Amino acid sequence: MDADIAVIGVGAMGSMALWQLAKRGVSVLGFEQFGIGNDRSAAGGESRLFRTAYMEGKQYVPLLQDARRLWKQLEEETGNTLLTINGGLMVGDPNSIALKNVMESIKEFDLDHEVIQVNEATIRYPQFKLFSDEVMILDKNAGFIRPELAVISAAYQAEENGAVIHRFSRIDKIIPDNNGVTIVTNGKTYRVGKVLVTTGAWTKKLLPKLESKIEARRLVLTWFPAKNINQFKPANFPIFARMRKDFRLTGAPTLDGTMVKASNTKNPAEVPEPSNLNRDVSIDEIKEVSDAVKELMPGLIPDPIRASVYMDGYTADDHSIIGEIPEMKNTYLVSGFSGHGFKMAPIIGSIAADLIVNGKTAHGIGHLDVGRNLVY
Ligand SMILES: Cc1cc2nc3c(=O)[nH]c(=O)nc-3n(C[C@H](O)[C@H](O)[C@H](O)COP(=O)(O)OP(=O)(O)OC[C@H]3O[C@@H](n4cnc5c(N)ncnc54)[C@H](O)[C@@H]3O)c2cc1C
């Protein structure tokens, strides 16, 4: 055996799983097809939003609270600032599923928040224009994460604890059997006890039998200049998610003091072949988000000055898949985070480590079960 465990894909989930596995003292190898902290998949673009009043469902709240504790722990171990809590604004129709989920999360878990009606919202947050049918909810435990630094921090911390990570090593094949798993990279073969697949949007390439369960989808991030950038500094401007019928505008405060992230993340298009991701941003895509910014964010100048393209693995119900893959002995999957996984990466890494090392986890992940019926 070359190691007890191999983690394939060192992005958000892979780096955290490596960190957690190495901490538990097991011998672990990591394989990443690009460099660590690369922006070729789901983990680039300067910031990721952290929210606890969760529009994707209240069942995530305990995971998010545990994730926050682990973000803090990783910060303490590495000395890097990864998660900044500066609040989060959820804006939209109070009768929408998203905002109902936010309110249910708040009520069930007694989350620190404020419901801000339109008149007050436009005074407190003049960065936004609101419609009379909307409401603003301030999640006081929300904020932003630095994604590239987070992946690098977890991977290096894993190496500090004994993990060995192979960079620029794409795994081409996984061959499981009753006693372990053989994996193949660059013509070289490794033999390990168990494998954890954390390949995100690329999963269907490595595991074609999961093609009907996980799709790669393309997301475009955009940044805009401001009329007065001070209005958009983290102390004055929380992260936000603004839901309307035709778009979902999400964003973060300025982190470099020159531009503000505001992107349309609604209905990302399928990427048939992840290796051929189109990283060009079309004029139509730019115009769509520019029109939304012009209408809804009067403090921004609606000509984007930066745009970049990423992709994530999506499932049919937008919940990820976690567990041992049926009919693939000793092979575990953690994938399909459907555009909202980064914030929970440390707790998912810990859960993956629990499942692989102990065969069970104390965390509630029933909604993410690998065996559920999921077909596109
Ligand atoms: C534009 C965008 C914005 C987002 N915004 C947010 C947000 O605000 N908040 C939030 O919580 N989440 C957000 N997400 C979602 C979050 O970033 C993802 O859910 C999360 O990064 C998924 O982690 P992952 O480990 O599954 O995939 P990734 O982070 O993409 O990592 C997969 C890694 O596997 C590697 N790999 C693939 N195949 C192989 C192979 N065969 N061999 C070796 N290595 C391989 C890839 O190179 C990559 O490094 C966003 C996603 C995108 C794309």
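Here the structure is a predicted model, which is why all the values come from computation and not from measurement. All ligand and atom numbering here is 1-based and tracks the order in the structure. When a residue number appears, it is its place in the shown sequence, counting from 1.
In summary, the atoms of ligand 1 found under 4.0 Å from a heavy atom of T198, numbered by their order in the structure, are 32 (C), 33 (C), 34 (O). Listed by number with element, the atoms of ligand 1 under 4.0 angstrom from any heavy atom of N38 are 49 (O). Interface of K343 with ligand 1, defined as ligand atoms under 4.0 Å from a residue heavy atom, comprises 9 (N), 10 (C), 11 (O). Against a heavy-atom cut-off of under 4.0 Å, F34 is close to the following atoms of ligand 1: 47 (O). Within ligand 1, counting atoms from 1 as listed, the ones closer than 4.0 Å to a heavy atom of R170 are 40 (C), 41 (N), 42 (N), 43 (C). Distances below 4.0 Å separate heavy atoms of M13 from the following atoms of ligand 1: 23 (O), 24 (P), 25 (O), 26 (O). Distances below 4.0 Å separate heavy atoms of D312 from the following atoms of ligand 1: 15 (C), 16 (C), 18 (C), 19 (O), 22 (C).
Counted by atom type alone, D317 and T315 present one or more donor-acceptor pairs between their side chains at under 3.5 Å. Side-chain polar atoms of R24 and Q20 form a donor-acceptor pair below 3.5 angstrom.
Within the structure, the closest approach of G339 to ligand 1 falls below 4.0 Å when heavy atoms are considered. Distances from ligand 1 to the non-hydrogen atoms of R40 include no value under 4.0 Å.
The existence of a salt bridge linking D66 and R69 is confirmed by a sub-4.0 Å separation between a basic side-chain nitrogen and an acidic carboxylate oxygen.
Both the backbone and the side chain of Q33 come within contact range of ligand 1, each with a heavy atom under 4.0 Å. When non-hydrogen atoms are compared, ligand 1 lies under 4.0 Å from the side chain of L221 (C-beta onward) but not from its backbone. Residue-level proximity to ligand 1 for T203 is absent, since no heavy atom of it falls below 4.0 angstrom. Within the 4.0 Å heavy-atom criterion, the part of F31 lying near ligand 1 is the backbone and not the side chain. Within the 4.0 Å heavy-atom criterion, the part of S169 lying near ligand 1 is the backbone and not the side chain.
Taking only nitrogen or oxygen atoms, main chain and side chain alike, A42 reaches within less than 3.5 Å of ligand 1.
Here the protein heavy atom with the shortest distance to atom 50 (C) of ligand 1 is R48 NE, 3.4 Å.
No donor-acceptor distance shorter than 3.5 angstrom exists from the side chain of E46 to the backbone of L255, with no hydrogens or angles considered. D318 places no side-chain N or O within donor-acceptor distance of the main-chain N or O of S338, the cut-off being under 3.5 Å.
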Report task. Walk me through it: do Y60 and H367 pass the test ring-ring contact (aromatic ring centres under 6.0 Å, His included)? Result -> CA-CA 9 Å; Y60 283 96; H367 60 299; 4.7 Å; yes

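Atoms CD1 and CG, from I106 and N101 in turn, are 11.0 Å apart once rounded to the nearest 0.5 Å. Atom OH of Y314 is separated from atom CG of L219 by 4.0 Å, given to the nearest 0.5 angstrom.
Between F240 and F128, the ring center distance clears the sub-6.0 Å criterion.
Closest to atom 34 (O) of ligand 1 by heavy atom, among A345, G9, G44, A252, is G9.
Using cut-offs of 30° and 60° on the angle between ring planes, the pair F232 and F237 is perpendicular.
Relative to the ring axis of Y156, R167 places its NZ or CZ within 45° and under 6.0 Å from the centre.
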